[in-house]
Structures are given as C-alpha cells and as structure tokens.
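So you know, we letter chains A, B, ... as the sequences are listed, proteins then strands, and number each from 1. Because only heavy atoms are used, hydrogens play no part in the values below, and waters and symmetry mates are left out as well, while side chains stay in.
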Number of protein chains: 2
Amino acid sequence: MKPRSRRKTQQERTADTTLKLLNATIDLLHDRGLYRMSTSDIAEAAGVSRGALTHHFSSKEEIIAAAISHQLRDATAGLHKMAEGIRQSGGTSDKIVDYLWQMMNDRLFYVTMEYLPEARHNKTFRSAIIPVVQEFHAGLNSVWAELAGQVGVEVEHALVLMNATMCLIRGMIAQSATRDDPVYFEALLNFWKEKMRREFMLKNDEHPVGSADSKQSLADGEISSAAPRHQGAMRGR
Amino acid sequence: MKPRSRRKTQQERTADTTLKLLNATIDLLHDRGLYRMSTSDIAEAAGVSRGALTHHFSSKEEIIAAAISHQLRDATAGLHKMAEGIRQSGGTSDKIVDYLWQMMNDRLFYVTMEYLPEARHNKTFRSAIIPVVQEFHAGLNSVWAELAGQVGVEVEHALVLMNATMCLIRGMIAQSATRDDPVYFEALLNFWKEKMRREFMLKNDEHPVGSADSKQSLADGEISSAAPRHQGAMRGR
DNA sequence: AATTACAAACAAACAAGCCTGTTTGTTTAT
DNA sequence: ATAAACAAACAGGCTTGTTTGTTTGTAATT
C-alpha cells in the first residue's frame with residue numbers, strides 16, 4: 001500500500017510554482033528570446049497553467065523582471081563566495097578572468113543580451129532590474145578588491161581593470177552571435193589574461209613585495225574553453 | 001506660372017522609396033527596437049504606404065536585413081576611407097580608437113544590439129547579414145593594418161589589439177543600457193587609449209625606429225566625448 | 001474525526017487588439 | 001495598352017490580460 005504523500009502547505013506550493021516559472025523563464029529567454037517566447041510557452045515549460053502564472057505574476061514584464069533578478073542574485077552570491085575564497089586562500093587574475101568568462105559565457109550574458117533592448121526602450125522595466133544589476137556589480141567589485149588587497153594594487157586601478165575585463169567579455173559574447181570562431185575567442189581571452197597578469201605583476205614591482213619568481217605563481221591560470229556557446233541546447237541549470 | 005516638375009523615372013522612384021524605407025528602418029531600429037516597431041511604423045516614418053513597402057520588400061525580415069546591410073556598408077566605406085587617410089598622411093592609435101568609439105556610439109552598435117537576439121535565434125536572418133558583417137571587419141582590419149605598417153608593429157598583433165578594442169567598445173555600449181555614468185565610460189576609454197599608445201610605442205622601441213620624442217607625436221589624440229548616448233533623440237544621419 | 005466555510009492556488013475559456021502577409025484597386029511611367 | 005510603383009482593404013493568427021470555474025489547504029465548529 002503506497003503511503004499518502006504529505007500535503008504541501010500553500011506556502012510551499014507557491015514557492016514551488018514560482019521557482020518553476022522563474023527557471024522556465026530564464027531557459028526560454030536564453031533559448032528563444034524575450035520577444036519570441038510567450039506566457040503560454042513559459043507556463044507550458046514550467047508545467048503549470050496560464051491562470052497559475054497570472055495568479056503569481058500579473059504581467060509578462062513582471063515575470064521576466066523577477067526571473068532576471070533571480071538569476072542575477074544567484075550570480076552575485078557566487079561572486080561574494082569567490083571573494084571570500086580569495087580572502088582565505090588567495091587568488092590570481094587568471095582564475096578571476098576564467099571564472100568571469102565562464103559565468104558570463106554560461107548563459108548569463110546571453111540572457112542579458114535578450115533583455116537589453118527592452119531595458120533601452122522600457123523605462124519601467126529598466127527601473128525594475130537596476131537594483132539587482134547594481135548588486136551584481138558590488139559583487140564584482142568585492143572580488144577584484146580582494147585581489148587588489150592581496151597583491152598590493154590600488155583598488156581604484158583594480159576596478160578599472162575589472163571594468164575593462166567585463167566590457168571585453170560582454171563584447172566578445174555579443175560578437176559571438178555573428179562570429180563562430182573558437183580560435184579567435186580563445187586567442188583574445190589569452191591575450192587579455194596576459195595583460196591582467198602584467199598589470200598585477202607590474203604593480204607588484206612598484207611595491208617592494210614581489211620578486212621575479214612571483215611571475216610564475218601569478219601565471220598559474222589554466223586554459224579554459226573559450227568558445228562562446230551559441231544557441232544553447234543546454235536545459236539543465 | 002510654376003514650371004511642371006520633371007517626371008521621375010521608375011528607377012528613380014524605386015531608389016527614392018527604398019532609400020526612404022531603409023533610413024526609416026534604421027531610425028526605428030534605434031529608437032524603438034526591432035520587436036517594438038511594425039511594418040506600419042516603418043511605412044509611416046518613410047511617408048509611404050504599406051503596400052509600397054511590401055512591393056519592394058516582401059517581408060519584415062527582408063527590409064530589416066536590407067537596412068542593416070545598408071548601414072554596415074556605409075560604415076565599412078568610412079573605414080576604408082580612414083585606412084586610405086592613414087596610408088597617405090599617417091595616423092595614431094588614439095585617433096583610431098576615437099573614430100571607432102564615435103562610429104559605434106553614434107548608433108551603429110546600438111542598432112546592432114537590437115538585432116543580435118534575432119540573429120541568435122533566426123538562422124535565415126543571420127545568414128543574410130553575415131556577408132556585410134564580414135566586409136565590415138575587413139574594413140576594420142584595413143585600418144589597423146595601415147597603422148601597424150606605419151609604426152612597424154606586427155600585423156597579427158595589431159589585429160589582436162583591434163579585436164580587443166572593438167570588444168571593449170561593444171561591451172561598454174552594451175553596459176550603457178543599465179548604467180548611466182559618463183565619467184565611468186570616459187575613464188575606461190582613456191585607460192584603453194593609453195594601453196594602445198603603449199602597445200604601439202613598445203613595438204617601436206623593439207624596432208630601432210622610434211625615439212623618446214616619438215612618444216609625444218603618438219599621443220596627440222584629443223579627448224572625445226565618451227558618454228554613450230542612450231535613447232537617441234537624434235534623427236538626422 | 002468529520003463537516004463546513006473560506007482563502008489561496010491553479011486551470012480553462014473569453015475577448016480584444018495588434019501585426020503580418022495577401023488581395024484588390026489606383027496612379028504613374030513607358 | 002501595359003507594367004511598375006503605390007495605396008487601401010481584407011483576413012487569419014497570435015498574444016495578452018480578464019473572467020469564470022475547480023482544486024487544495026486551513027481554521028473553526030460540531
């Protein structure tokens with residue numbers, strides 16, 4: 001005799017359903033695009049009805065903004081975790097660049113590209129997402145500030161380098177929509193990593209901390225796969 | 001008695017109408033976005049009927065691809081002209097960076113952002129624009145190859161620097177959708193220009209061509225306005 | 001423990017609006 | 001007279017938010 005499953009509370013049901021909807025929304029943002037997906041698509045992908053969807057989110061715009069917030073909060077948490085790791089065990093610019101590339105390339109910036117036009121043209125929508133975007137940037141800042149502190153680089157300078165890194169990565173992923181060329185992107189990423197190593201090494205030289213040997217330890221980043229992923233077939237998180 | 005205006009030939013009428021339509025399409029791509037503008041909007045902005053629009057372009061997708069091609073060909077022509085200028089009178093990395101920033105910031109990449117999602121999800125559309133995108137990149141290559149030749153930098157290396165420059169600029173403009181901060185963008189651009197000057201100056205040092213004085217002449221770029229333009233109110237070309 | 005009333009979560013149907021490509025009609029050039 | 005360029009009307013489909021209906025959890029009462 002199969003035991004009766006426990007009843008979920010209303011709160012649990014809500015949390016379940018909204019999480020399914022948010023995840024389905026991000027999947028579809030990535031795989032289909034903001035304007036090519038409908039609320040019907042979202043509901044179907046989440047395995048709920050449109051009535052349930054509109055019960056929890058009163059408009060398409062609202063559910064999209066909520067899904068984006070959810071995704072960015074996850075990413076921000078990962079950044080703070082990395083900053084903590086650097087504080088405890090140290091880190092390298094290579095590792096940071098690799099982590100950022102993987103994060104942005106593993107859907108985050110692909111999804112962002114899908115909603116940038118909406119953010120440009122829809123003031124309400126933009127206002128809804130800006131708070132979490134700023135939290136995300138605070139997370140980025142925390143990572144690079146930790147590295148700067150560790151190697152004695154000026155925080156201001158480290159932040160400029162971080163911003164340049166992020167812009168480069170955004171630009172690369174944007175370009176991937178029309179350029180399918182893994183070798184090209186890998187070369188660019190390696191060029192950038194070398195630049196970053198130099199920046200943090202140069203500053204080391206300016207402060208009587210480093211030695212020629214420190215060059216090796218700072219260059220221990222491993223080569224990551226640098227091919228941007230195009231139309232993602234990946235559905236799992 | 002007012003003189004009768006000359007009759008336009010059918011060919012002239014076609015050229016007129018299609019040019020109006022292409023320009024209207026780019027304006028609307030920039031100001032409203034690909035998915036927020038309709039063929040009715042385009043026809044109205046061009047001052048023609050929807051029947052005329054569909055006579056010349058059989059679908060919305062076709063007119064958008066044609067407008068993008070038109071825009072990119074203009075930009076490519078500008079690049080080749082700049083390369084010619086460098087060949088004849090020389091040039092600096094500062095001037096090139098400023099030119100590229102202005103070109104991308106003066107609508108080109110804003111318009112690109114509007115169609116990147118479509119290119120990601122619509123294979124037919126992407127195939128239609130890729131040829132002109134590649135011509136555009138050939139134009140970019142010609143500019144940086146001229147500069148490389150002028151200062152004795154390896155062409156391969158110059159092209160890596162160019163690609164990094166372009167990605168950085170793309171990333172900056174992409175970020176401008178959610179960040180309204182002219183100071184930030186100006187600092188980033190200045191940082192990059194200094195990096196480029198060093199790259200071309202360093203290579204000079206490696207070849208017994210330059211002198212300490214050449215540092216000044218290479219750094220004569222003027223500061224451009226680095227604030228990305230947001231919702232463009234500009235209508236003129 | 002069973003029943004009742006109520007609220008929340010969920011589903012299905014409705015209806016209006018918008019957009020696109022197609023068809024029909026008019027004007028202009030040859 | 002004919003073809004090309006242009007305009008206006010047609011019609012079908014899709015999407016969205018709204019309304020109506022059903023199911024599930026919760027608390028109070030018997």
Check your understanding: A:His56 side chain N/O closer than 4.0 Å to the phosphate oxygens (OP1, OP2) of C:dC10?
Key -> yes

Practice item. Measure from CG on B:Leu53 to P on D:dA4 and round the result to the nearest Å. Key: 19 Å

Review point. To the nearest angstrom, how far is A:Ile64 atom CD1 from D:dT16 atom C1'?
Key: 12 Å

Review point. Excluding sequence neighbours, so at least two apart, what forms side-chain contact (heavy atoms from CB on, under 4.5 Å) with A:Ala164?
Key: A:Trp192, B:Leu168, B:Leu188, B:Phe191

Check your understanding: If only side-chain N and O atoms of A:His55 are considered, is one of them under 4.0 Å from the OP1 or OP2 phosphate oxygen of C:dC10?
Key -> no

Can you give me every donor-acceptor pair (side chain of residues 43-51 of chain A, partner residue at least two apart or in another chain, under 3.5 Å) with its distance?
from    : atom 1 : to      : atom 2 : distance (Å)
A:Ser49 : OG     : A:Gly51 : N      : 3.4
A:Ser49 : OG     : A:Ala52 : N      : 3.1
A:Arg50 : NH1    : A:Thr39 : OG1    : 3.2

Exercise for review: Do nucleotides 25-30 of chain C as a string where each nucleotide becomes B, S or -: B if the base has a protein heavy atom under 4.0 Å, S if just the sugar-phosphate does, - if no protein is that close.
Suggested key: ---BBB

Exercise for review: Salt-bridge test for B:Arg87 and B:Glu84: reply yes if a basic N is under 4.0 Å from a carboxylate O, no otherwise.
Suggested key: yes

Review point. Which pairs, with at least one residue in residues 12-24 of chain B and sequence neighbours excluded, count as a salt bridge (Lys or Arg N to Asp or Glu O under 4.0 Å)?
Key: B:Arg6-B:Glu12, B:Lys8-B:Asp16

**Study point:** A:Met172: which of A:Tyr184, A:Phe109, A:Trp101 passes side chain to side chain contact (heavy atoms under 4.5 Å, CB included)
**Key:** A:Trp101

Point to revise | Separation of D:dG17 C1' from A:Ile63 CD1 (nearest whole Å) | key: 14 Å

Practice item. Determine, for A:Asp31 against A:Arg36, whether the closest basic-nitrogen to carboxylate-oxygen distance falls under 4.0 angstrom. Key: no

Practice item. Tell me yes or no: between the side chains of B:Gln175 and A:His137, is some donor less than 3.5 Å from an acceptor? Key: yes

Review point. About how many Å separate CD1 of A:Ile86 and OH of A:Tyr99, when rounded to the nearest 0.5 Å?
Key: 10.0 Å

Review point. Once you round it to whole Å, what is the distance between P of D:dT16 and CD of A:Glu62?
Key: 14 Å

Review point. Under 3.5 Å, is there a donor-acceptor pair between the A:His121 and B:Glu114 side chains?
Key: yes

Check your understanding: Can you tell me how far C1' of D:dT15 sits from OH of B:Tyr35, to the nearest Å?
Key -> 16 Å

Practice item. Report yes if at least one side-chain N or O of B:Thr14 is closer than 4.0 Å to OP1 or OP2 of D:dA5; otherwise report no. Key: yes

Check your understanding: If you write DNA chain C from 5' to 3' in dot-bracket form, with Watson-Crick or G-U pairs under 3.5 Å, [ ] for crossing pairs and | for pairs with another strand, what do you get?
Key -> ||||||||||||||||||||||||||||||

Review point. Going by distance alone, is a donor N or O of one side chain under 3.5 Å from an acceptor N or O of the other, for B:Gln102 and B:Asp106?
Key: no

Point to revise | B:Asp16 CG to D:dC6 C1', straight-line distance once rounded to whole Å | key: 13 Å

Practice item. Summarise protein proximity over nucleotides 14-22 of chain C in one line of letters, 5' to 3': B for base, S for sugar-phosphate only, - for none, counting protein heavy atoms closer than 4.0 Å. Key: -----SBBB

**Study point:** Heavy-atom pair with the smallest gap, counting every atom of A:Leu116 and B:Ala177
**Key:** CD2-CB, 3.6 Å

